[in-house]
There are 2 protein chains.
Amino acid sequence: MSQTPEKPDESNPQAHVPKAIVSRLSLYLRELQHLVRDGAETTSSTQLGKLLGFTDAQVRKDLAHFGQFGYPGIGYRCAELIEAIRKILNTNRSWRVGLVGVGNLGRALLGYRGFSQQGFEVVAAFDLRRELVGTRIEGIEVFHLDDLPRIAQQRDIRLGIIAVPAEAAQSVADRFVEAGVEGVLNFAPVTLSLPGSVRTVGVDLAIELEQLAFAVANLGKSR
Amino acid sequence: MSQTPEKPDESNPQAHVPKAIVSRLSLYLRELQHLVRDGAETTSSTQLGKLLGFTDAQVRKDLAHFGQFGYPGIGYRCAELIEAIRKILNTNRSWRVGLVGVGNLGRALLGYRGFSQQGFEVVAAFDLRRELVGTRIEGIEVFHLDDLPRIAQQRDIRLGIIAVPAEAAQSVADRFVEAGVEGVLNFAPVTLSLPGSVRTVGVDLAIELEQLAFAVANLGKSR
DNA sequence: TAGATTGTTAATCGATTAACAATC
DNA sequence: TAGATTGTTAATCGATTAACAATC
């Protein structure tokens, strides 16, 4: 067996992408969108780096991981790079999302315009409270949680958002899995245990404040 | 000059803490609190690792970075380790927080019980809309944004939360800085430009969904 | 052309894992 | 004692930075 030497992989650029790169990709995308809104045609690794606090070398390396998007001597064409990144992130097509937990946070998320702008469509909400079922919040229908499997299938829901109290989060996660959802965004302050076939991203608001408190208290020590 | 060899630093354990460790520290803390609530007296690096999907070696290494908290043959005493981590994160004392932007998301954050449980006290809210000024939301007084400097000083506010639309975020950040706030938690989808003396943590809800979408679409490629 | 900027290689730096003596 | 588990060292692995030829 002649073993092909491991190059960053041209034929299949997506193979094995470091998580750190993916998270920066989202930031590049956001800056590029701002640049376009401000009328910029092109940008450079130096400019993107300055805006985000990264080195220019890192920006180039990150992007080069997926192919050649730039023009030597010119930089990157914003519109082109936006399309390329959206394709990498798979947000060039829209994702259908279901949300469970129509409390304060759930309502806020249902009203968040940023989701649809980036290719996410919340197509149904769910709750246990009968008085909410059948209402519309921010234009989105609220169903009983028991209807999750049916509606998820009908509406082709692939991602789930959990906005319920900590105690209920795991059981909601299990319901999402049963309903065939492929990924879960969890706002409850618990670690979910899910089958390996389902991806999860957690956002813990208190933890974000903790990280900030640490950074503040250790200012100076860090730089 | 006899140069002391660089050890992980016993005298000043906080010197130069990798960001990755700090973020896991918050996760350890959360699991430990769950374990205590479930009646556990002690835990081990193996158990913590399993709960969070890390290796036992990593758990031990992370904790050892700050000193010796464990007991060979026994593990870690939960209550003790919780205290140690809270001390490291500086959440063993309470932080006073101000929030700007009493929209959907702002209201949800004002009502979030998780903050106070982890040592954060939201002591005032601010908005531009006159009809909100003077009201209380979730028990928290709403002031006009122009009162930020005065109230921030009066109430000893050290951290700020930005929950306003993207267009307003930078100007709110500037106001926080003027008011003497030391750290900012930013929910607007923009990169803030702040003086080096002020720390910032950003939470972009759409980016979290993007990361999830990428992970889902690349399932299999990643493991 | 001169200046700007890319993609890429090599060097550096940092983080994770495995292994094990020491400890209870 | 035997079994469990730590803290720590050394080995591995991965990510960042610096430098520069190639390109426009």
Side-chain angles (χ1 to χ4, degrees), chain A residues 5-10 13 15-25 27-28 31-32 35 40-78 80-81 84-85 88 221-223, chain B residues 5-10 13 15-25 27-28 31-32 35 40-78 80-81 84-85 88 221-223:
Chain A
E6 281 303 329
K7 303 218 299 178
D9 209 329
E10 288 154 20
H16 213 45
V17 185
K19 229 184 131 207
I21 295 185
V22 185
S23 73
R24 286 192 295 267
L25 234 36
L27 295 173
Y28 299 147
E31 291 307 326
L32 285 162
L35 285 167
E41 284 283 332
T42 65
T43 183
S44 66
S45 56
T46 309
Q47 182 176 37
L48 280 173
K50 281 225 181 77
L51 286 167
L52 288 161
F54 305 145
T55 64
D56 57 326
Q58 177 149 80
V59 175
R60 289 198 299 281
K61 198 99 209 282
D62 283 347
L63 297 174
H65 189 95
F66 302 95
Q68 307 193 166
F69 304 112
Y71 302 88
I74 292 169
Y76 301 89
R77 300 203 208 286
C78 297
E80 231 175 82
L81 190 51
I85 294 180
I88 294 165
K221 288 173 193 164
S222 46
R223 56 159 66 179
Chain B
E6 281 301 330
K7 304 218 299 177
D9 210 329
E10 288 154 19
H16 213 47
V17 185
K19 229 184 134 209
I21 295 186
V22 185
S23 73
R24 285 193 296 268
L25 235 37
L27 296 172
Y28 300 147
E31 291 307 325
L32 285 162
L35 286 168
E41 284 282 333
T42 65
T43 184
S44 66
S45 56
T46 310
Q47 181 176 38
L48 279 174
K50 282 224 182 79
L51 286 167
L52 288 162
F54 305 145
T55 64
D56 56 327
Q58 176 150 81
V59 175
R60 289 197 299 282
K61 199 96 211 284
D62 283 348
L63 297 174
H65 189 95
F66 302 95
Q68 306 193 165
F69 303 112
Y71 302 89
I74 291 169
Y76 301 90
R77 300 202 208 287
C78 297
E80 231 175 82
L81 190 52
I85 295 179
I88 294 165
K221 288 175 195 165
S222 46
R223 55 160 66 177

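Given the structure is predicted, the values throughout are model-derived calculations rather than measurements. Here is how names work: the chains are called A, B, and so on, in the same order as the sequence lines, proteins then strands, and each is numbered from 1.
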Gap between atoms CD1 and P, on B/Ile74 and D/dG3 respectively (whole Å): 17 Å
Contact under 4.0 Å: A/Tyr76 side-chain N or O vs C/dG7 OP1/OP2: yes
Any B/Thr55 side-chain N or O less than 4.0 Å from OP1/OP2 of C/dT16: no
Under-4.0 Å side-chain N/O to phosphate OP1/OP2 contact, B/Ser45 with D/dT5: no
Per A/Pro72 side chain, nearest of listed nucleotides C/dA18, C/dT6, C/dT16: C/dT6
Rounded interatomic separation in angstrom, taking CG from A/Asp56 and C1' from D/dT17: 9 Å
Between C/dG14 (P) and B/Gln58 (CD): distance, integer Å: 17 Å
Atom CD of B/Glu41 with >12 non-hydrogen neighbours under 6.0 angstrom: no
Separation of A/His65 NE2 from A/His16 NE2 (nearest 0.5 Å): 8.5 Å
Nearest-Å distance for atom pair CZ/P, residues B/Arg24 and C/dT17: 8 Å
Nearest-nucleotide pick for A/Ala57, side chain only, options being D/dT17, C/dG7, D/dT6: D/dT17
Value in whole Å for how far the P atom of C/dG7 lies from CZ of A/Arg60: 8 Å
side-chain contact (heavy atoms from CB on, under 4.5 Å) evaluation trace for B/Phe66 with B/Ile21: CA-CA 10 Å; B/Phe66 302 95; B/Ile21 295 186; 3.7 Å; yes
Touch class at under 4.0 angstrom, heavy-atom based, for B/Phe69 against every strand present: sugar-phosphate
Evaluation steps, side-chain contact (heavy atoms from CB on, under 4.5 Å), between A/Tyr28 and A/Leu81: CA-CA 9 Å; A/Tyr28 299 147; A/Leu81 190 51; over 6 Å; no
Given A/Leu32, A/Leu35, A/Thr43, the one that forms side chain to side chain contact (heavy atoms under 4.5 Å, CB included) with A/Leu51: A/Leu35
G-U wobble or Watson-Crick pairing nucleotide for D/dA15 (cut-off 3.5 Å, both distances): C/dT12
B/His65 NE2 - C/dT17 P separation (whole Å): 17 Å
Any strand: nucleotide that pairs with C/dT5 via Watson-Crick or wobble, under 3.5 Å: D/dA22
Distance, rounded to the nearest Å, where A/Gln68 contributes CD and D/dA21 contributes P: 18 Å
5'-most by nearest nucleotide on DNA chain C - B/Phe54 or A/Lys61: A/Lys61
Pairwise 5' ranking along DNA chain D for A/Gly73 and A/Ile21, keeping only the more 5' one: A/Ile21
Separation of D/dT6 P from B/Tyr28 OH (nearest whole Å): 12 Å
Touch class at under 4.0 angstrom, heavy-atom based, for B/Thr46 against every strand present: nothing
